[in-house]
Amino acid sequence: MEPLDPSAGVVIFTDLHRGSYKIIGSLYLLSFQSIGVPAIQVKTPETDEERQQAEKEFSGKVIIHLTIGPCFTPVPGAVNVAAPYHEWSRYPAQWAARLNQFHEVWAPSHHVKTVLERSGVTTPVVFMPPALDLETVPAKTAWGTAGPVKFLSCGEPHFRKGFHLLMEGFQLAFPRAGEARLVIKTSPSCQWKSPREDIHIETGWMERGNLLAMYKDFDFYVSASLGEGLGLPLAEAALAGLPLIANFWGGHTGLLCEDGFIKMEHVVADQFFCSEPSFYAPGQQCGYSSPSMVASALKKAAASTVKQKKSMTEKAMQALKTRFGREEALGRLKVRFGI
């Protein structure tokens, strides 16, 4: 592929109402600014009128599209780059057809790249995530545990995140209330009720800086997600020096490294539930960790030593910076723009 023209400037179309997409869009913005490529982030056009305005305003520019499958719509006259964050093992055929109208596709992980290519995406797919370490993340300096072990998990209140499995597994691991503490940080739209007093569902809105500063106050970060295109909270927790607990499937495989996390066992299972029928593709699978598997991982974490926790965090941090740090990620972007 010919290098992209940095002088044309980059426009990042982002689904700003999706919290994780807004963060990824901001990380791309910081990445472009770091290599001297002018860039702006705007809301993804949703109506015909907005798309017509985008065609007038952004013709000739490079547009990075951060949205979901049915909403990928190229802008005539622009260089259109799709950036899908797909979780499952198959991409719907109708969505693949939309991506094939783009000039290229930027995958945030090798998992997503593989899924798209085997699902019928013929447009060139390249591994091109933003740098994940451009924000200031306050880090832990001690790994001793004072009082009950404190676990943190973050994400939207969607079944895919596996919070139901996590809460059940937590209660299996610690049958007496107060032995440990689990905090699930989710969005204000969540209406769930906690099943026990030591499971706290935090729905309050937080400034980005305060959220990143929160990680270091916990003993472990845990994900029981059924599938991730990347797994941004795991990356944030690694940067905060927080020991990680997760399965080794999907986007997690790009973030995690041997001996750098506590492995939550899983089975590869059929993915039965979709937001709507068009999101489904025959053969879609996920990484399922049963409540008993979650419980085993949590108990192993609680029994780990300070030395083990510190070693895990050092290895996780090194792996993250090697694959997604500014030196590697910005270097890939420079090559793509011929800088």
Report task. Decide side chain to side chain contact (heavy atoms under 4.5 Å, CB included) for W143 and D219; before the verdict, give the C-alpha distance in whole Å, the side-chain angles of both, and the deciding distance to 0.1 Å. Result -> CA-CA 7 Å; W143 289 266; D219 297 303; over 6 Å; no

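- Between the N210 side chain and the R208 main chain, no donor and acceptor come within less than 3.5 Å of each other.
- Salt bridge status for K321 with E328: absent, with no side-chain N to carboxylate O gap under 4.0 Å.
- Ring geometry for H65 against F72 counts as tilted: the plane angle lies between 30° and 60°, on a 0 to 90° scale.
- Judged purely by distance below 3.5 Å, without hydrogens or angles, the side chains of S189 and S187 pair a donor atom with an acceptor atom.
- Taken to the nearest 0.5 Å, the CD atom of E135 stands 9.5 Å off from the CG atom of L211.
- L172 and Y288 sit in two unconnected hydrophobic clusters of ILVMFWY residues. Membership requires side-chain heavy atoms under 4.5 Å apart, directly or through other members.
- Looking only at side-chain heavy atoms (C-beta outward), V112 and Y85 stay at 4.5 Å or farther from each other.
- Annotation: F273, atom CZ; neighbour count of heavy atoms from other residues, nucleotides and ligands within 6.0 Å does not exceed 12.
- Put simply, the side chain of F248 reaches to within 4.5 Å of the side chain of K263, judged on heavy atoms.
- Of the candidates W88, F102, F279, W95 forms a ring-ring contact (aromatic ring centres under 6.0 Å, His included) with just one, namely F279.
- Between F151 and F174, the ring planes are tilted. Angles from 30° to 60° get that label.
- Side chain of D5 to backbone of S7: a donor-acceptor contact under 3.5 angstrom is found.
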Report task. For the pair L29 and I12, evaluate side chain to side chain contact (heavy atoms under 4.5 Å, CB included) and give the outcome as yes or no after the intermediate values. Result -> CA-CA 8 Å; L29 188 63; I12 306 166; 4.0 Å; yes

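- To the nearest 0.5 angstrom, E156 atom CD is 9.5 Å from C190 atom SG.
- Comment: K43 engages E50 in a salt bridge, judged by a side-chain N to carboxylate O separation of less than 4.0 angstrom.
- Atom CG of L255 sits about 5.0 Å away from atom CZ of F324, to the nearest 0.5 Å.
- Checked by atom type, the side-chain pair T305/K310 shows no donor-acceptor distance below 3.5 Å.
- In this structure the side chain of H252 reaches within 4.5 angstrom of the side chain of L234, judged on heavy atoms.
- Side-chain atoms of T47 and E49 include no donor-acceptor pair closer than 3.5 Å.
- We find that R51 and E55 are not joined by a salt bridge, their nearest charged nitrogen and carboxylate oxygen being 4.0 Å or further apart.
- Connection of V62 to V11 is not established within any shared hydrophobic cluster, with ILVMFWY side chains joined at heavy-atom distances below 4.5 Å, either directly or through further cluster members.
- Residues I63 and F337 do not share a hydrophobic cluster, defined by chaining ILVMFWY side chains whose heavy atoms lie under 4.5 Å apart.
- With sequence neighbours left out, the side chain to side chain contact (heavy atoms under 4.5 Å, CB included) criterion links L134 to L30, S31, S34, A131, R326.
- The main-chain N or O of A224 is never found under 3.5 Å from a side-chain atom of S289 such that the two would form a donor-acceptor pair.
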Requested in this report: Kindly indicate, with the supporting measurements, whether the criterion ring pair (Phe, Tyr, Trp, His ring centres under 6.0 Å) is fulfilled by H110 and F127.
Outcome: CA-CA 7 Å; H110 292 293; F127 174 60; 4.2 Å; yes

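- Side-chain contact between Q41 and S26 is present, with at least one heavy-atom pair separated by less than 4.5 Å.
- Between the side chain of K315 and the backbone N or O of F261 there is no donor-acceptor pair closer than 3.5 Å.
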Query raised in the report: Can you check side chain to side chain contact (heavy atoms under 4.5 Å, CB included) on E168 and V294, steps first, answer last?
Result: CA-CA 8 Å; E168 187 65 23; V294 174; over 6 Å; no

Query raised in the report: Please walk me through it: do E104 and V125 pass side chain to side chain contact (heavy atoms under 4.5 Å, CB included)?
Result: CA-CA 6 Å; E104 61 187 86; V125 182; over 6 Å; no

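- Remark: E228 engages K161 in a salt bridge, criterion side-chain N to carboxylate O under 4.0 Å.
- The shortest heavy-atom contact between G241 and T313 is O-CG2, 3.1 Å.
- For the residue pair E314 / S311, no side-chain donor-acceptor distance below 3.5 Å is found, with atom types taken as modelled.
- Follow the hydrophobic side-chain contacts under 4.5 Å out from L239 and you never reach M312; the two are in separate clusters.
- Counting only distance, with no hydrogens or angles, the side chain of S89 and the backbone of Q285 share a donor-acceptor pair below 3.5 Å.
- Between the side chain of R181 and the main chain of V149, no donor-acceptor pair closer than 3.5 Å is present.
- The number of heavy atoms from other shown groups lying within 6.0 Å of NZ (K22) does not exceed 12.
- Nearest approach of A82 to L99, heavy atoms of both residues: CB-CD2, 3.5 Å.
- Checking T322 against Q318 by side-chain atom types alone, a donor-acceptor pair falls below 3.5 Å.
- In this structure, N100 contributes its side chain and T123 its backbone to a donor-acceptor pair below 3.5 Å.
- More than 12 heavy atoms of other residues, nucleotides or ligands lie within 6.0 Å of NZ in K150, so this atom counts as buried by the packing criterion.
- Hydrophobic clustering (ILVMFWY, side-chain heavy atoms < 4.5 Å, transitive): W192 and L182 are in one cluster.
- Between L152 and M214, some side-chain heavy-atom pair lies under the 4.5 Å cut-off.
- Shown here are the side chain to side chain contact (heavy atoms under 4.5 Å, CB included) partners of M128, two or more places apart in sequence or in another chain: W106, V126, R332, L333, R336.
- Side chains of Y28 and V10 form no contact here, defined as non-hydrogen atoms less than 4.5 Å apart.
- Paired with T44 under the rule side-chain hydrogen bond (donor to acceptor under 3.5 Å, both in side chains), one option of T67, D15, T73 passes, and it is D15.
- For Y215, the side chain to side chain donor-acceptor pair (under 3.5 Å) partners are E236, not counting sequence neighbours.
- Residues V37 and I339 are in side-chain contact: their nearest non-hydrogen atoms beyond the backbone lie under 4.5 Å apart.
- At least one side-chain heavy atom of V75 sits less than 4.5 Å from a side-chain heavy atom of N80.
- One N or O on the side chain of K61 and one on the backbone of A8 form a donor-acceptor pair closer than 3.5 Å.
- Of the possible polar contacts, none joining the T14 side chain to the L16 backbone as a donor-acceptor pair under 3.5 Å is found.
- The pair E87-R160 meets the salt-bridge criterion, with a side-chain N (NZ, NE, NH1 or NH2) lying under 4.0 Å from an Asp/Glu carboxylate O.
- Although no hydrogens or angles enter the test, the distance criterion places a donor-acceptor pair under 3.5 Å between the side chain of Y221 and the main chain of C154.
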